[in-house]
Participant: 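Structure incoming, see below.
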Amino acid sequence: MFSWFQALSRTRRQLADAVSRLFQRGAKPDAETLEELEASLILADVPPKMAARFRADLEKGGWEGTQDPRERLRSLLISTLGECPPFDWPRREPVLCIMIVGINGSGKTTTCAKLAHMAKRQGLRPLLGAADTFRAAGSDQLRLWADRIGCEVVVGRTGSDAAATAFDALAAAEARGCNVAIIDTAGRMHTKAPLMEELGKIRRSLAKRLPEAPHEIWMVLDATLGQNALAQARLFHEIVPLTGAILAKLDGSAKGGFVFGIAAELGVPIRYVGLGEGPDDLAVFDPSAFVDALLGLEASIREPHHAGRPDIR
Ligand code: GDP
């Protein structure tokens, strides 16, 4: 599995020069340095207004108590991400139902499999439900994943009703003694209305089977899309009330800064990040680890005496 540090190398490279210039022993960052920092943050897909706010804070000396402007930038970035309490995989009777949404290609199916794998490691018995009945390939892929992980799966026939398949999957989870149902859904983005209709139908259908289901609705976002992923998240959040976001493909992205936009705008916790294509490549979102890897501030320079150390690129 990729470490945070490895996974964020592209975005870090984007920011490296600006961040290292920010720290010149004993010197206040000059206007040019701060301008470069702001531009680099925007290139890494930090929302422009936020980047301007960070710059203004550093400009007016918000960092002085810390002796190192990077330290101030770090805490500004971390506080923007807010609280992301870990999901503790509650044991729900009879079944914990998690609905996964997102556009096709975002990494939904892979993420469903990673989540099932994680649930197994928590001692739960997961079932994967393929409620994307439009794409035969999607269902086949989920079945292959279920074999690989060793978990139950329910796949609807291609062209059959997605909401009915979701209902059947939840019923099967109960019947087969599974205590987590992870429901993969369709994500065609061509037009908003049919998607809205279908996701709403799936949701109602799950609730018919189990009154409080789905207990969680998580959206998978493709981190390589940066701000465009944020636009998609806004749309989905209107359609179904999201209770969490999962950022897939963070390992392949140079636009990790969009995470700040997601956290600030959506107000939903970022649950996990995808750091690769394997079943174990799903990490609990950790705001400090994320920011440290982004800024290149490894644990070694995060010691109390780091202020006089040379920069790390
Ligand atoms: P879906 O259409 O939304 O179900 O997307 P898929 O799960 O089929 O994923 C699309 C592609 O992205 C596949 O090639 C996956 O292997 C790849 N993928 C998914 N998650 C990650 C991730 O976290 N990192 C990387 N590098 N690739 C990923």
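Whatever order the structure lists ligands and atoms in, that order sets their numbers, starting from 1.
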Participant: Can you sort out which atoms of ligand 1 are near G274, meaning under 4.0 Å from one of its heavy atoms?
Facilitator: 23 (O)
Participant: Any non-hydrogen atom of G102 lying under 4.0 Å from ligand 1?
Facilitator: no
Participant: Consider every N or O of G107 and every N or O of ligand 1, then say whether any pair is closer than 3.5 Å.
Facilitator: yes
Participant: Indicate yes or no: does D280 engage K114 in a salt bridge with an N to O separation below 4.0 Å.
Facilitator: no
Participant: For atom 12 (O) of ligand 1, what's the nearest protein heavy atom and its distance?
Facilitator: K249 CE, 3.3 Å
Participant: For atom 14 (O) of ligand 1, which protein heavy atom lies nearest, and how many Å away is it?
Facilitator: E277 OE2, 3.6 Å
Participant: Are D281 and ligand 1 in contact, using a heavy-atom cut-off of under 4.0 Å?
Facilitator: no
Participant: Would you find a donor on one side and an acceptor on the other, under 3.5 Å apart, between the side chain of E198 and the backbone of A162?
Facilitator: no
Participant: Quick one: does any side-chain atom of K255 pair with a main-chain N or O of A223 as donor and acceptor, under 3.5 Å?
Facilitator: no
Participant: Starting from atom 10 (C) of ligand 1, locate the nearest protein heavy atom and write down its residue, its atom name and how far away it is, to 0.1 Å.
Facilitator: G105 O, 3.8 Å
Participant: What residue and atom, counting heavy atoms only, is the protein's closest point to atom 3 (O) of ligand 1, and at what distance?
Facilitator: K108 N, 2.8 Å
Participant: Who gets closest to atom 22 (C) of ligand 1 by heavy atom: A113, G276, G252?
Facilitator: G276
Participant: Less than 6.0 angstrom separating the ring centers of F87 and W218, yes or no?
Facilitator: yes
Participant: Assess, by modelled atom type and distance only, whether the side chains of T165 and D168 contain a donor and an acceptor separated by less than 3.5 Å.
Facilitator: no
Participant: How far is atom 8 (O) of ligand 1 from the closest protein heavy atom, and which atom is that?
Facilitator: Q141 NE2, 3.2 Å
Participant: Would you call E32 and R21 a salt bridge, using N to O less than 4.0 angstrom?
Facilitator: no
Participant: For L275, which part has a heavy atom under 4.0 Å from ligand 1: side chain, backbone, both, or neither?
Facilitator: backbone
Participant: Just need the protein heavy atom nearest to atom 7 (O) of ligand 1, so name the residue and atom and give the distance.
Facilitator: T110 OG1, 2.5 Å
Participant: Counting only heavy atoms not in R209, do more than 12 fall under 6.0 Å of its CZ?
Facilitator: yes
Participant: Quick test: of every protein heavy atom, which one is nearest to atom 26 (N) of ligand 1, and how far off is it to 0.1 Å?
Facilitator: D251 OD2, 2.7 Å
Participant: Would you say I103 touches ligand 1, if touching means a heavy atom closer than 4.0 Å?
Facilitator: yes
Participant: Which heavy atom of the protein is the closest neighbour of atom 4 (O) of ligand 1, given with residue, atom name and distance?
Facilitator: T109 OG1, 2.7 Å
Participant: Is the centre of the F260 ring less than 6.0 Å from the centre of the F290 ring?
Facilitator: yes
Participant: Please lay out, stage by stage, how E59 and R55 fare under the test salt bridge (Lys or Arg N to Asp or Glu O under 4.0 Å).
Facilitator: CA-CA 6 Å; E59 217 154 28; R55 173 192 170 163; 3.7 Å; yes
Participant: Would R204 and F167 count as a cation-pi pair here, with the cationic atom under 6.0 angstrom from the ring centre and within 45° of the axis?
Facilitator: no
